[in-house]
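Shown next, in C-alpha cells, is the structure this report addresses.
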Amino acid sequence: MASQPHSLSYVGCNFLRPRLVLSTLSGRPVKIRKIRAKEENPGLRDFEASFIRLIDKVTNGSRIEINQTGTTLYYQPGLLSGGVLEHDCSPHRSIGYYLESLLCLAPFMKHPLRIVLRGVTNDQVDPSVDVLKATALPLLKKFGIDGEGFELKGGGEMPRLSGRGWKMAIIVILLPLQVLLPLPKKITRRGMPPKGGGEVIFACPVRKVLRPIQFTDPGKIKRIRGTAYSVRVSPQIANRIVDSARSILNKFIPDIYIYTDHMKGTSSGKSPGFGLSLVAETTNGTFLGAELASNPQGQGTAVLPEELGLNCAKLLLEEIYRGGCVDSTNQSLVLLLMTLGQQDVSKVLLGPLSPYTIEFLRHLRSFFQIMFKIETKPSHEELQGGEKVLMTCVGIGFSNLSKIIK
Amino acid sequence: MEEKDRKKHHKKHSGPKADKKRKRHLNDLGLGDDEDARKRNPKAFAVQSAVRMARTFHRTQDLKTKKHHIPVVDRTPLEPPPVVVVVVGPPKVGKSTLIKCLIRNFTRQKLIEIRGPVTIVSGKRRRLTIIECGCDINTMIDLAKVADLVLMLIDASFGFEMETFEFLNICQVHGFPKIMGVLTHLDTFKNNKQLKKTKKRLKHRFWTEVYQGAKLFYLSGMVHGEYQKQEIHNLGRFISVMKFRPLTWQTSHPYVLADRMEDLTNPEDLRVNPKCDRKVSLYGYLRGAYLKNKSQIHMPGVGDFAVSDVSFLPDPCALPEQQKKRSLNEKDKLIYAPLSGVGGVVYDKDAIYIDLGGSHAHQDEEEEVRPNHELVQSLISTHSTIDVKMASSKVSLFMDSKPLGSEDVENQKFVMPKEEKQIDLKTGRVRRKAMFEEENDDGASDEEEGQDEEMSEDEMDGGEGGDGDDIEGESDKEVPGQELGLRSAKRLKREETTEETAVELPAFADSDDDLEMSSGEEGETDLDESKEEAEDHGDEEESDKKESSGSDSESSSRRISKFTPLPHKEDKEQRENHNLDHHLGKKVVPTTDSGNCTADEASESEAEGSSQDEEEEEGSNDDLEVEESNRKGIQSAPDKNVDGVEWAELKTVEEEEEDVENLLKEEEEYGEENDFSADTAGALKWKEDLTQKAAEAFLRQQQSAPNLRKLVYGTVAEDADEEDDADEELGGLFHVSRPDKESRQKANALDCSKFPVETPQDWDLDEVMNSIQDCFVTGKWEADKDAAKLLEEDEELYGDFEDLETGVVHKGKPAAEGDEAGSEGEEEDKAGKEPKLGEEEEKKKRMDKKHKLKEMFDAEYDEGDATYFDDLKGEMQKQAQLNRAEFEDQDDESRVQYEGFRPGMYVRIEIENIPCEFVLNFDPHYPIILGGLGNSEGNVGYVQLRLKKHRWYKKILKTRDPIIFSLGWRRFQTIPMYYIEDHNGRHRLLKYSPQHMHCGATFWGPITPQGTGFLAIQSVSGTTPDFRIAATGVVLDLDKSITVVKKLKLTGFPFKIYKNTSFIKGMFNSPLEVAKFEGAAIRTVSGIRGQIKKALRKPEGAFRATFEDKLLMSDIVFMRTWYPVSIPAFYNPVTSLLKPAGEKDTWTGMKTTGQLRHERGIRLKQNKDSLYKPIVREKKHFNKLHIPKALQKALPFKNKPKNHEKKAKPTKDQWRPAVIREPHEKKISALLTALGTVHSYKIKKAKLNHHQHLKDYLKRKHKEEEEKFKRQKEAKKKLFRIMGQKEKKRQKSSLKGSGEREK
C-alpha cells in the first residue's frame, strides 16, 4: 500500500465545509473531533449531515465515519465523480451554504456536474443563489471554467449584468420540462426560511487545469443591478424596496436597474418573505454583491421593506468601500482556485480579509503547504474606499485526477 | 470559283505572334512595358481557380501549424540545477572510463573510483551531474525518469545489445530525454571498410530507434586506457551546449537525485534495537518543480514517505560569478561527488572516511600539528580573516543558552577530525552520528583558539557530510551558518534578524508582541468568560503564549517591551499617562478587536454580540458600557481609514508617539461621544489630523504587511518550529498542537463565509459617501485612464485638421507646456524660466507622444498578423516573466515560504521511518531518487490503462498474473485485469492480452495522473536473454470503483410447453432471483427468442416465459448476463534498494501460478470431460420398413410391397446336375474356342482395314470435289467477267448515245 497520507485533525464544527472540501481536493483524510461536545445538543446538526451527504454524493469511494453522538467525524476522501444528481438541502441553512462548496469542487469532477438542489434559496445567513450566480460564476470564468453547460439556475432572476450574451440569464426551474422552455422571465420557485421549497440547478463543466490569474485592477463600477423579490407577501413590497434602495444608490451612479420579482403559487415556496440582492459591476468585470432578506416568519420583528432596501444599499456601499476585485463572500473561492492553479504566479486584489478567509488561508496552508504573500495596498489620495490587500501565490500545479482521457 | 473560296485573312488575336505584334505596336505608341501584364498586375492573375487557391492555402496553413508545439510556460529557474547526464550501456562497454575522461576533461581531476552521481561545473552557465547506469533494470528505469541527457554507449565491435533497446524503450515511455549514442571499441576493427559499414549500419539502426539524424558519437580508440583527449573534448562541448526540452513528468514533479546520505537515527534507539526504523537525511539538487515542506515523496526501490523536514544549503558546486572571460577559471572548475569521496567524505558500508586531498595525503605528520590540509587551503582562499570568523562565531556562542566549555570539547574526542581520521571503521560511524546529534542539541561548542575552532568547523562539516571545504571558506557570510549544525545555524540567523529589527524598529516588535500577547490574553479572557472550552485547551493556549514570548527570543522582546513605555512617561503628563495606562490596560479588547477585525473579533462578538445589542437598546452595566464605548471609539475611527486597524502599531514609532496618543485619546473621546450623542461629530473628526493620518497610513504600509501575514499564518513558520523545538528541548512536558494555536476562532461557531459589517458607516453623510466616489465611473479616474485627459491628449495629437468643406483650419490646442507646436522662441523662454526641469519634462512628453504613436501604429499594422498561436506564446512568456519577477527581490528564506523550495537549490531532506535495510544495505552505485508526489498521488485506487503488449516480448500476458509496473516514480507489482471495450462501452474481461492490439487494463495501485506512460515487466530479477519489457501504455482514468464484466450464461429446460408459452426450470433457485430478471431476454439454442415473464410457485426458481415459437421439450433455454469481476487489491512496491548489496537485482515478488507450478512440478488437474478421446462410431442399424396393412391396401399395385412367397427349396426333380466333360470333349471345345477367337480377330482386322480404306477414299473424294469446285468457280468468274465487260460496253454505248442525243 502506498502509505496513506497522514490525516489532519481539527476540533469543533466550525469550518466544516472548507475542511471537507480541501480534504477532498488534496486527498488527505481529515478527522474532526469535539463537534459541539459540550453543548446540550451535541454532535452534527441537520444541515451539516446534509452537507456530508452531499459530499458523499459527488464523490466516489470516500469513507465517512461518524461516532454515535456525532461529535467525531472522520473523512477519508475518494475521487470526485459528479454526474447528474439531486440533493435535498436542509432548510436550516440556505442552498448557498451547499453551493459555495460545490463551486469549489465542481470543476474537478469526473463527469460534468449537474445538480438540482432543493431547499431555502434566500436567507439571512448565507449568500443567496442570486448573488452567487452574479458574483461567483464570473469569477470561475476567469479561471477558464466556462463553456457549454455552465450555469446556475434558480433562486431568483438576476438581470443580465454584462452584455456579452452569457448563457446565464438566471432563472429558476422546477421541472425538467421547464428547463427546455425558453427561460421564463419570472421566478418559478423560490424558497424562504423556515420551510424552504425553492429549487436551483447548478451545472458546471470539468477542467483538467486552471489558468493563473492576474486580477489586480478592479476598475470602476459602471452599473448596479439587482432583484427585489417577494414571495407570499404583497407584491407591492418589492416596489417599495426598489424605491428605497435607489434613493441611496442614485447619488453615485445613474445606471441602476432593480428588477422586482414577485412569486405566486407553487413557485413561491412554503414560507413568506422578501429581500433584495444587489450587484455592482465594474469596467473590468469585477462583481461586488450585497443582499438582505427579511426575517423568517415568526422569528424576530417584522422588517419594513423600505428599511431593508436602505440597509441593503448601504451594505453594497460598504462592500464597495471594502473594494477589491472579489467581494468578501468569494474571497476564499478565489484564493482556493489560485492555489489549485498551475505552478505560476497568481495575483488578486482583495478588500480586507474576512475572518472566514483568514481561517481558510490557514487551512490552505495545512492542506496544501501553500502560503500567500500578503501585501497591504493603502488607498492613495483617491477616494476609493478602504485598504486593499494584494494576495500573491504560486499555484501548486494541481491537476484534475478524476477526469477521464480517451 | 477559286477566288471566291479563298478565306479572308484573319488577324491573330492570340498566340505568340499576336503578342509580339501588340508589343511592337505598344512600343511604337510609347506605352510599351517590358513586363508582361502578369508581372505588372499580379493581382489580376492571382486567382485562377478558387478551389485550388483554397487548397494551397490550407496546405500552407497545415504545414505551418504542424510546426507549432503547444506553448508552455517556461518555468526553468534562473539558476538551473545541474543537468543529469546518465551514462548507460551494457557491461564492459566503457561507461566508467567515459565518465572519468569527461570529468577529467572538465575539471582536470582524476577520479579513481566513481560511485554515485558526480557533479561538475562544465561552463559558465552549466553544471553536469554525471551518473553511471548499470544493467540492472531497476536502475535503468529509475534513471530514465530523471535523465536530461543519456549517453548511450554501444560496443561497436559487438553491435547493439538488448539493454540498449530496453533502455530506449524505457525512455520512450517515461518521457524522452535527449539521447546521444556513443560508439566505442572502434579500434577493434582492422579493416577500414568494415568499420565504415558497421558505423553506417549502427547509425541507421540508432536513427530508427531515436529519431532521424540523432547524434551518434564515435570514440575511435583508447590511449593508455583512456579515450582520446580531443574526442572527449568534443563530446564535452556537445554536452555543454545541448538544449533540452521540458518533459511533462519531470516539470510537474519535484525530484532529487540524492548525492549524499546520512543516518540521523538516535544512537540509543539503535543500541536498543538495531533493526529500528531509521531517520535519514538525503542531500541533492532539487529539480523539476517546487518542493513543499512536509509533502509526500516516493523513493523508488524503498517506498512512500512524508518529508519531515527540508532545508536548503549553500550550493556545494556553485556556478562561477559573472565574469567577462569566456572560459572558466581553474578555481571555478568545481567537482562535487561525496559518494565517490570527492567532497571530502567517503561513505563506506559501515564507516565514513574523510579524504584529505589526493596528492598531499602523505603529509600526515604535519597534520598532527596542523588540523587539516584542506582546511588550510580553504583558509587561504577565504577573504575574511580568522578574527572576523572568530567574531562571527562568537555571536553564535552568545546566543546559545548553554555555552560549552573547552573541556567539554576535549572530552568529546571523537569530535576532532584528526581523531576521526584515525579511528577504525567500527567506531567511526557510530560516533559520527552521535556527534551529529550533540551538535544539534548544543548548537555550537565553545572553542578558545582559532585552530580549535577551525577543527570544530571541519568536524561539523564532516558531520554535515562535508560541503566542499574550499567553497565553504570563501564567503564570510556563510561562515556562521556553516560552522554550526544546521539547525543552530538557522536559529542563529533568525536571532540575528530579530535583534536587528529590535535595534532598528523597537516599537515594531513591541507592537507585534502586544498583538500576540493580547491575543493570547484574549484567548484567556474568552476562556474565562465562556468557560466552554476544555481545560486542556486553556493550558495549551497559555503555554502557547508563554512560548511565544519565552525561549530564545525572550530576552530581546522583553528588553523591548520595557523600552517602549519609557518615552510616554517622559513626554507626557500624569493625566495623559494615566490615560495611556488606562488605554493600555484596556487594550486587550481593542487591539484584538481592531486588529483587522478578524478571528478574534468574531469570536468575541460571538460572546458579546448579544449583550451588545441589548446594551444599545437598554443600557446596562457601566463597566461594560465603557468597554463598549472604547471599542466603538477605536473601531469607528479606523473604519474610515483602515478597516482592519493595526492600531497598536501607531505607538511603535517614537516620533509619532505623542501625536498618535493624542489621536487615540481623541478617538476615544469621540467614541464616547459617538456612543452617547448623535453620530454627527464623526464626520468632522474625520477631517482633522490629515497629516497625522498620512503618517499613519505610511506607517501602516510599512508594517501592516508582516502583521497581516502574522495574523493569518501566526509567526513565520520556521520561527514557530524553532519555538516548538525549544519548547520540546526545555521540558517535553508541554506539547503544542498547531490547530489549537491557529484557530483563534471558536471551534464551534457558525460556519459562514459572509463578512458581516460590524459597525456600519453612516452612508448618509457626505464625507462618508465621498470616500468611495472614485470607485464609480462617475468619479475621478487615474491620470492615464481619465476620459477627459485622454480626450485632451488625443486632441493634442490629432487636434490639427482642416475642414475641407468650410475651409476652416482647426488648430490643436497649443500645448501649454512646450508641445512641439510651441514655437522655438517659446521654448527658449521656457528654458530661461525653468532651465532644466522644463526641458526634461518636454523631452518626456515628446517621448510619450512618440510611444503612443508607435503603439497606435503597431496596433494597426502588427497586430493584424498576430495569430492565436502568437498570442498564446506571448501570454506564456508574460506569465514566465511574472513568475520570475514576483519573488526575485526576496531572500531565500521567505521565498521558500511562499513558493516552496525552488528547483536548482541544494537541499537537505530529512525522512523518518525508513526501513533499516536502506541504511544497512546502502550501495552508492545505485541511484537514490526522491520523487515528489502531487496531491492525492500518494493514495491508492483503481487505475485504468490503455495497454499494448510489446511487440518484441515473446509471450502474451495473462489476466490475474502479477506483473511489475513502472508508473510515475514507482515500480510496483500488481495484478492487472485485461479488458476490451465493447461498442456499447462495456468493459469485457479478456483472459489474455491481445497479440498486436491495444487493450484496456485495470489494477489496484497508486493514483497517478492521467496521461502518464508506464511499462510492465514480468520480473526484475536476473537477466534473461529475451527482451524484458512486456507491455507499455498510458493511464486513462482513475477511480475508486471499477466495472469490468465477464459473460455468464444461465441455462434452463422447459418442463411444460403450451403454444408459445413454456415453463422453464433449472435457471434460477428462487422466485426472488426470477423477479430480478423479469423481462430479460432468453433464447434457445435453436434460436427461438423469448422473454422471462413471471416466477412460478412451484418448483422453486421456475418461471413462465414466452417465445416467438413453440419450443420442444428437448430445447435448452439460456440467458446471457454480465457478471462484474472483482479486481484484486494487490499493490506491492518493488523494494530493490532494501536488498543486500550485490543482490539488489534479485528482487522477486509474487510469482505467477505458472511459475509456481513449473517450480514445484504441479500439473494442472484437468477436467476429465475436457480430455480428448478417440472417437468410436457405432454401426448404425436400421429396422425394416414396415407398412401397415391398411396402407398396403390403399397403395397402387406398383408401390405395393410384392409379397413373394418364399420359394420352397427346389425339389430333387427340379434340381439339375452339373455336366462334366470328358478330356476329349474338352480338347474339342478348347480348339473350337481358339478357332473362334482367331476368326473373330480376323474379322475385326478386316473391319478395321475396311474402315481405313473408306476414310482414305472419302478424303480423296473430298479433295477432288474441292478441286472441281475451284475450277468451276474460276470458269464462272471468267465467264462473268466477260459478261460484265460486255454489259458495260453496251451500257456505255447506250449512255453515249443518249448523251449525244442530249447534246
Side-chain angles (χ1 to χ4, degrees), chain A residues 1-3 5-6 10-17 26-27 36 38 60-61 78-79 100 125-127 220-222 252-253 314 317-318 320-321 328-329 332 343-345 352 354-356 358-359 361-362 369 371 373-376 378 382-387 392 394 397-399 401 404-405, chain B residues 73 75 252 289 292-296 304 532 598-599 602 642-644 697 701 704-705 708-709 712 739 742 747-749 751-755 757 760 763 770-778 879 882-883 886 897-899 935-936 938-940 1006-1007 1009-1011 1036-1041 1131:
Chain A
M1 290 284 283
S3 69
H6 48 288
Y10 291 102
V11 169
C13 69
N14 204 359
F15 303 110
L16 178 79
R17 285 181 300 161
S26 70
R36 301 197 181 88
K38 299 276 158 119
N60 180 22
L79 287 167
E100 274 184 304
V125 186
D126 292 302
K220 306 259 185 207
I221 291 164
K222 60 177 181 188
F252 292 97
I253 195 161
K314 284 177 183 172
L317 295 180
E318 199 74 47
I320 292 168
Y321 178 83
S328 57
T329 36
S332 55
Q343 297 202 328
D344 290 321
V345 169
S354 72
Y356 183 83
I358 289 176
E359 195 57 39
L361 281 170
R362 291 178 190 147
Q369 285 89 40
M371 256 177 85
K373 187 166 140 194
I374 307 169
E375 294 161 294
T376 9
E382 301 136 26
L383 304 169
Q384 291 212 356
E387 216 169 42
T392 312
V394 180
F398 185 85
S399 82
L401 287 177
I404 307 173
I405 60 167
Chain B
V73 180
R75 297 200 182 94
S252 59
K292 297 259 156 61
N293 205 347
K294 313 277 181 213
S295 58
Q296 279 226 306
D304 276 15
E532 290 172 355
T598 49
V642 217
D643 30 279
Q701 193 180 341
S704 59
L708 200 53
R709 179 175 138 164
V712 174
E742 275 180 5
N748 283 329
D751 178 13
C752 173
S753 66
K754 267 194 176 173
F755 188 6
V757 184
W763 289 102
N770 282 340
S771 68
I772 60 164
Q773 74 180 10
D774 281 352
C775 294
F776 293 86
V777 278
T778 48
Q879 182 69 47
L882 185 75
N883 290 352
E886 183 57 36
Q897 299 269 321
Y898 294 128
E899 302 178 307
N935 284 297
S936 62
N939 295 351
V940 282
I1007 280 177
Q1010 313 90 326
L1036 294 184
D1037 185 19
L1038 310 156
D1039 213 336
K1040 293 279 184 182
S1041 62
Y1131 165 61

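Order of the sequence lines fixes the chain letters, A, B, ..., with proteins taken first and strands second; residue numbering starts at 1 for each chain.
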Criterion side chain to side chain contact (heavy atoms under 4.5 Å, CB included) on A:Tyr10 and A:Phe15, from CA distance to verdict: CA-CA 10 Å; A:Tyr10 291 102; A:Phe15 303 110; over 6 Å; no

Most contact-rich option vs chain B, by heavy-atom pairs under 4.5 angstrom, among A:Leu16, A:Asp126, A:Leu317, is A:Leu317

Could you grab the distance from atom CD of B:Glu886 to atom CD of B:Glu899, nearest 0.5 Å is fine? 9.0 Å

Tell me which of these, B:Ser1041, B:Ser753, B:Ser936, has more heavy-atom pairs under 4.5 Å with chain A than the rest. B:Ser753

Measure distances from B:Ile1007 to the heavy atoms of chain A and classify the residue's part below 4.5 Å as side chain, backbone, both or neither. side chain

Taking the side chain as C-beta and beyond, is there a heavy-atom pair between B:Asp774 and A:Lys220 under 4.5 Å? yes

Pairwise distance OG1(A:Thr329) to CD(A:Glu100) - rounded to 0.5 angstrom: 7.0 Å

Any idea which of A:Ile253, A:Ile405, A:Asp344 has the most non-hydrogen atom pairs under 4.5 angstrom with chain B? A:Asp344

Residue part contacting chain B, namely of A:Glu318, when any heavy atom lies under 4.5 Å: both

Between A:Thr392 and B:Tyr898, does a side chain to side chain contact (heavy atoms under 4.5 Å, CB included) hold up when you go through it step by step? CA-CA 9 Å; A:Thr392 312; B:Tyr898 294 128; over 6 Å; no

Structural part of B:Gln879 lying under 4.5 Å from a heavy atom of chain A: side chain

Please tell me if the side chains of A:Leu401 and B:Gln1010 come closer than 4.5 Å, counting only heavy atoms from C-beta onward. yes

So which part of A:Phe252 gets closer than 4.5 Å to some heavy atom of chain B, the side chain, the backbone, both or neither? both

Quick one: which of A:Pro127, A:Gly397, A:Ser399 has the most heavy-atom pairs under 4.5 Å with chain B, could you say? A:Pro127

By a 4.5 Å heavy-atom criterion (distance strictly below it), what part of B:Val757 contacts chain A: side chain, backbone, both, or neither? both

I need the A:Tyr356 OH to A:Ser328 OG distance, nearest 0.5 Å. 12.0 Å

